[in-house]
Amino acid sequence: MIRTIAVLGALAAAWPATALAQDAEALTVIHAGHLIAAPGEERVREGVSILVRGDEIEAIENGFVTPEGAEIVDLSGAWVMPGFIDAHVHITNQQGAGRRISAFTEGTADRTIDGVMYGQRTLMAGFTTVQDVGADIEAVRALRDGVEAGDIVGPRLRIAGGAVTPTGGHGDTNGWSVQVLRESGSPYACNGADDCARAVRQLVQEGADVIKITATGGVLSSTGAGVEQQFFQEELEAIVGAAHMMGRRVTAHAHGVTGINAFLRAGGDSIEHGTYLDRESMRLFRDNDAVLVPTAMAGEWVANQADAGWMTPFQAAKARMVGPQMLEMVRRAHEGGVTIAFGTDSGVSAHGDNAREFLLYTQAGMTEMEALATATTIGARHVQLEDVIGRIAPGFAADIVATNGDPLENIEELLDIDFVMARGVVHKNEE
């Protein structure tokens, strides 16, 4: 309780209530020196004005206009872009020493408060929308709805809640006594097609925007079950079928190629990680119009942490094996024509460091503009908000970020975002 009161007090001081909502009639005009309005689709425009009314972009005009009564934001020397989208985060926690224990000592209220803190770090890094693909659903529901209502400051959220997982799989409880396992197993662990359809329907009932499954083993589950396929094909087909019937897309945590290909054959919509994808995987991605969310940062981070001393032996062994493979996977997927949407797995790596994923994409062969597109125009389609976010255009949400240096010349500019506007409210402006 003391921790809760202290954190809430600090947040209230940092974010006064008047900053949480924008006057629907107020006009703000951004003088943008260099506008990257739709990365990957349009050329850079020079010297334009972005007219923002309330939480939406009203118009874009050539030149620097100054309507009477408007608030002017001078970004005439900056590179202005749509707010970024991270399609794979865990906003209510962060890995490290002690994390396995805190999963049992902290409750939903603690996770919600942590989510407010991590959400603010994420927003200040320029990420105005995130998709959380694995969390306490009550906590992320509260965060999603609080941001939507304007009651708290943070990125727009789409949520999956807990992952649908085979009993004992990545996403279930592992590595504890039998008594603990029996008392704390995931409510979304399932066995057989009917039971797996039940788990999907339960998540939809509880408020999930997207269904996330663990189609293979994972690095940070404390079990020696490997990282290959862990659902039967009929279970995968039941999950995808049940989700699609209820208007939800399905994304799969998948490292091993057997799980990747089985899930794509079942009609799955996207793959998280994709470490060991092969030529057949790339054909299935293209044929199914499926999306890869690489989370290259997660691979880098677990490889660097494998010998830090806090992982269990099972975790450390998988981290050494899987982590170093992920950057080369991004290169193969990009060269193979797979659609790639930006995702970091932040919560594994530190929240607020999300933009490092851009650097890794360029190291894997993308141009700077291609990397930007993964977190804007492509990312918006992936999270089913392509008519709301991902570009700077009339009628779209006023989610706008800027840097004082050119990210198309030096992608590292994105590591230090100088301006953040989310839904028409300026949260950061470092001139």
Colleague: My understanding is that only residues two or more places apart in sequence, or in another chain, count here; which of them pass ring pair (Phe, Tyr, Trp, His ring centres under 6.0 Å) with F358?
Modeller: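 Ring pair (Phe, Tyr, Trp, His ring centres under 6.0 Å) check on F358 returns F84, F342.
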Colleague: Within the structure provided, determine whether I340 and M366 are in side-chain contact (heavy-atom separation under 4.5 Å).
Modeller: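 Yes, at least one pair of side-chain atoms sits under 4.5 Å.
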Colleague: Tell me whether Q315 contacts the main-chain N or O of T312 through its side chain, where contact means a donor paired with an acceptor under 3.5 Å.
Modeller: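 It does hold such a pair.
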Colleague: According to side chain to side chain donor-acceptor pair (under 3.5 Å), who are the partners of D289, at least two apart in sequence or on a separate chain?
Modeller: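 For D289, no residue satisfies side chain to side chain donor-acceptor pair (under 3.5 Å) once neighbours in sequence are set aside.
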Colleague: Just to verify, what does P82 make a side-chain contact (heavy atoms from CB on, under 4.5 Å) with, not counting sequence neighbours?
Modeller: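 For P82, the residues satisfying side-chain contact (heavy atoms from CB on, under 4.5 Å) (neighbours in sequence not counted) are P39, T376, I392.
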Colleague: Look at atom CD of Q363 and say whether more than 12 heavy atoms of other residues, nucleotides or ligands are closer to it than 6.0 Å.
Modeller: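 More than 12 heavy atoms, drawn from other residues, nucleotides or ligands, come within 6.0 Å of this atom.
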Colleague: Say whether T258 and E228, considering side chains only, have a donor N or O and an acceptor N or O under 3.5 Å apart.
Modeller: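 Checked: T258/E228 side chains pair up, N/O donor to acceptor below 3.5 Å.
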Colleague: Return the set of residues passing side chain to side chain donor-acceptor pair (under 3.5 Å) with H34 (not counting sequence neighbours), or none when no residue passes.
Modeller: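 Side chain to side chain donor-acceptor pair (under 3.5 Å) list for H34, sorted by chain: E46.
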Colleague: Would you say H90 and D345 are linked by a side-chain donor-acceptor pair, where the criterion is simply a distance under 3.5 Å?
Modeller: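 Checked: D345/H90 side chains pair up, N/O donor to acceptor below 3.5 Å.
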Colleague: Any donor-acceptor pair under 3.5 Å linking the side chain of N354 with the backbone of G352?
Modeller: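 Pair found, side chain donor or acceptor close to backbone of G352.
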Colleague: Any sub-3.5 Å donor-acceptor pair from N429's side-chain atoms to F419's backbone N or O?
Modeller: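 Not a single qualifying donor-acceptor pair exists.
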Colleague: Can a donor-acceptor pair be found, under 3.5 Å and without considering hydrogens, that links the side chain of H351 to the backbone of N93?
Modeller: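 Side chain of H351 to backbone of N93, a donor-acceptor pair under 3.5 Å: yes, one is there.
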Colleague: For T275, what residues pass the side chain to side chain donor-acceptor pair (under 3.5 Å) criterion, not counting sequence neighbours?
Modeller: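 If we apply the side chain to side chain donor-acceptor pair (under 3.5 Å) test to T275, skipping adjacent residues, the hits are H255.
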Colleague: For H334, which residues count as a ring pair (Phe, Tyr, Trp, His ring centres under 6.0 Å) partner, sequence neighbours excluded?
Modeller: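 H334: no ring pair (Phe, Tyr, Trp, His ring centres under 6.0 Å) contacts found.
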Colleague: Give me the atom names and distance for the closest heavy-atom approach of A189 to D195.
Modeller: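 Closest pair (atom of A189, atom of D195, distance): O-OD2, 4.0 Å.
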Colleague: For T112 and T92, run side-chain contact (heavy atoms from CB on, under 4.5 Å): C-alpha distance rounded to whole Å, both residues' side-chain angles, the deciding distance at 0.1 Å, then the answer.
Modeller: CA-CA 6 Å; T112 306; T92 61; over 6 Å; no
Colleague: Go through the structure and list residues passing salt bridge (charged side-chain N to carboxylate O under 4.0 Å, His left out) with R201, not counting sequence neighbours.
Modeller: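 For R201, no residue satisfies salt bridge (charged side-chain N to carboxylate O under 4.0 Å, His left out) once neighbours in sequence are set aside.
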Colleague: With heavy-atom distances below 4.5 Å as the criterion, would you say the side chains of C190 and E235 are in contact?
Modeller: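 Side-chain contact under 4.5 Å: no.
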Colleague: Check whether the side chains of R158 and Q384 place a donor and an acceptor atom closer than 3.5 Å, and report yes or no.
Modeller: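 Yes, side-chain donor-acceptor contact under 3.5 Å.
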Colleague: Could you work out, with ring pair (Phe, Tyr, Trp, His ring centres under 6.0 Å) as the rule, every residue matching H382, not counting sequence neighbours?
Modeller: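 Residues passing ring pair (Phe, Tyr, Trp, His ring centres under 6.0 Å) with H382: none at all.
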Colleague: In terms of side-chain heavy atoms, does S221 have a donor or acceptor partner in T223 at a distance below 3.5 Å?
Modeller: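 No pair is found: no donor N or O on one side chain lies under 3.5 Å from an acceptor on the other.
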Colleague: Which atom names give the shortest non-hydrogen contact between T295 and Y361, and what distance separates them?
Modeller: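 Looking at all heavy atoms of both residues, the shortest contact is N-OH, 4.4 Å.
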Colleague: Taking K318 for its side chain and S222 for its backbone only, find out whether a donor-acceptor pair lies under 3.5 Å.
Modeller: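 It does not hold such a pair.
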Colleague: Is there a side-chain contact between V291 and D269 (heavy atoms, below 4.5 Å)?
Modeller: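 Of all side-chain heavy-atom pairs linking D269 with V291, none is under 4.5 Å.
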Colleague: Check whether any side-chain N or O of R45 sits under 3.5 Å from a backbone N or O of L35 as a donor-acceptor pair, and report yes or no.
Modeller: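 Judged by distance alone, no pair lies under 3.5 Å.
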Colleague: Counting neighbours of CZ on R141 that are heavy atoms of other residues, nucleotides or ligands and sit closer than 6.0 Å, is the number greater than 12?
Modeller: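 It does not: R141 CZ has 12 such atoms or fewer within range.
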Colleague: Please assess Y276 against V227 for the test side-chain contact (heavy atoms from CB on, under 4.5 Å), listing each intermediate value before the final yes or no.
Modeller: CA-CA 10 Å; Y276 294 103; V227 293; 4.2 Å; yes
Colleague: Looking at residues at least two apart in the chain, or sitting in another chain, which of them share a side-chain contact (heavy atoms from CB on, under 4.5 Å) with Q305?
Modeller: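 Here the qualifying residues are W301, A308, W310, M311.
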Colleague: Of all the heavy-atom pairs spanning F396 and D387, show the shortest one and how long it is.
Modeller: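 Taking every non-hydrogen atom into account, CE2-C, 3.7 Å.
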Colleague: Can you give me every donor-acceptor pair (side chain of residues 203-214, partner residue at least two apart or in another chain, under 3.5 Å) with its distance?
Modeller:
residue, atom, partner, partner atom, Å
E206, OE1, Y188, OH, 2.4
E206, OE2, Q202, NE2, 3.1
D209, OD1, R144, NH1, 3.2
D209, OD2, R144, NH1, 3.2
D209, OD2, I159, N, 2.9
K212, NZ, V133, O, 2.8
T214, OG1, T165, OG1, 3.1
T214, OG1, H170, O, 2.5

Colleague: For A397, check side-chain contact (heavy atoms from CB on, under 4.5 Å) against everything at least two apart and list the hits.
Modeller: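 Result, side-chain contact (heavy atoms from CB on, under 4.5 Å) vs A397: R156, V388, I389, D399.
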Colleague: Do other residues, nucleotides or ligands put more than 12 heavy atoms under 6.0 Å from E370 CD?
Modeller: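 Yes, CD of E370 has more than 12 neighbouring heavy atoms, counting only those of other groups under 6.0 Å.
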Colleague: Check this for me: D145, atom CG, are more than 12 non-hydrogen atoms of other residues, nucleotides or ligands nearer than 6.0 Å?
Modeller: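 Result for CG/D145: enclosed.
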Colleague: Could you check whether any side-chain N or O of T403 sits under 3.5 Å from a backbone N or O of G405, counting only pairs where one atom can act as donor and the other as acceptor?
Modeller: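 Yes, because the side chain of T403 sits within donor-acceptor range (under 3.5 Å) of the backbone of G405.
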Colleague: Keeping to residues at least two apart or across chains, list the salt bridge (Lys or Arg N to Asp or Glu O under 4.0 Å) pairs with something in residues 86-96.
Modeller: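 Every candidate salt bridge (Lys or Arg N to Asp or Glu O under 4.0 Å) pair involving residues 86-96 fails, so no pair, neighbours aside, qualifies.
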Colleague: Restricting to non-hydrogen atoms, name the atom on T251 and the atom on I271 that form the minimum distance, rounded to 0.1 Å.
Modeller: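 Closest approach of T251 to I271, heavy atoms only: OG1-N, 4.1 Å.
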Colleague: So that I know where these two stand, are H273 and H88 an aromatic pair - ring centroids less than 6.0 Å apart?
Modeller: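 Yes: the rings meet the under 6.0 Å criterion.
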